[in-house]
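Just so you know, these numbers come straight off a predicted model, no measurement behind them.
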Amino acid sequence: MTTSRVPNLISVLFADMRRQKLLLLLMLVSLATAFSVIYIAHSNRLLTIERDTLLSERDEIDIEWRHLQIEQTALTEHSRVERIASQRLDMVRPEGEQEVLVPWQ
């Protein structure tokens, strides 16, 4: 039985790794750093998209709020309220002798 003088490839690789521990550590750290940069860039893009969506929604709500303010101003206009009260509800403005003052407390 003759033994082979050619070493096993896997044993050679592990022997080299044991000798080059610092180099292996640096390689793992650089890979971890690269993956963290990729993850942070992706998260940043997602947050930017969400921020843009929220800003668009805010602008739409602001426009709707302005329209509602204009509508409220138009609906609460004094002459309009008086006209509706007199036409639909048959209300009239009371005369001076019809007014009753209620004492405070």
Please round to the nearest 0.5 Å and tell me the distance separating atom CG of Leu54 and atom CD1 of Ile61.
9.5 Å
Value for CD (Glu99) from CZ (Arg93), rounded to nearest 0.5 Å, stands at 8.5 Å
Atom CE of residue position Met91 - does it have more than 12 heavy atoms of other residues, nucleotides or ligands inside 6.0 Å?
no
Evaluate the side-chain proximity of Arg19 to Asp16: yes if any heavy-atom separation is below 4.5 Å, no if none is.
yes
For the atom pair CZ (Phe35) and CD1 (Ile40), what is the distance rounded to the nearest 0.5 Å?
14.0 Å
Strictly below 4.0 Å, N to O, side chains only: are Arg66 and Asp62 in salt-bridge contact?
yes
Could you check whether any side-chain heavy atom of Glu64 comes within less than 4.5 Å of a side-chain heavy atom of His67, counting everything from C-beta outward?
no
Might you work through the side-chain contact (heavy atoms from CB on, under 4.5 Å) test for Glu50 and Thr53, ending with a clear yes or no?
CA-CA 5 Å; Glu50 183 180 357; Thr53 303; 5.6 Å; no
Between atom OG1 of Thr33 and atom CD1 of Ile38, what is the distance when rounded to the nearest 0.5 Å?
11.0 Å
Got a second to check how far Ile63's CD1 is from Leu68's CG, nearest 0.5 Å?
12.0 Å
Find out if a path of hydrophobic residues (ILVMFWY) with successive side-chain heavy-atom gaps under 4.5 Å connects Phe14 to Met27.
yes
Got a sec: does the CD1 of Ile10 have more than 12 other heavy atoms crowding it under 6.0 Å?
no
Minimum heavy-atom distance Gln98-Glu95, with the two atoms named
OE1-N, 2.9 Å
With rounding to the nearest 0.5 angstrom, report the CD to CD distance, Glu77 to Glu82.
11.0 Å
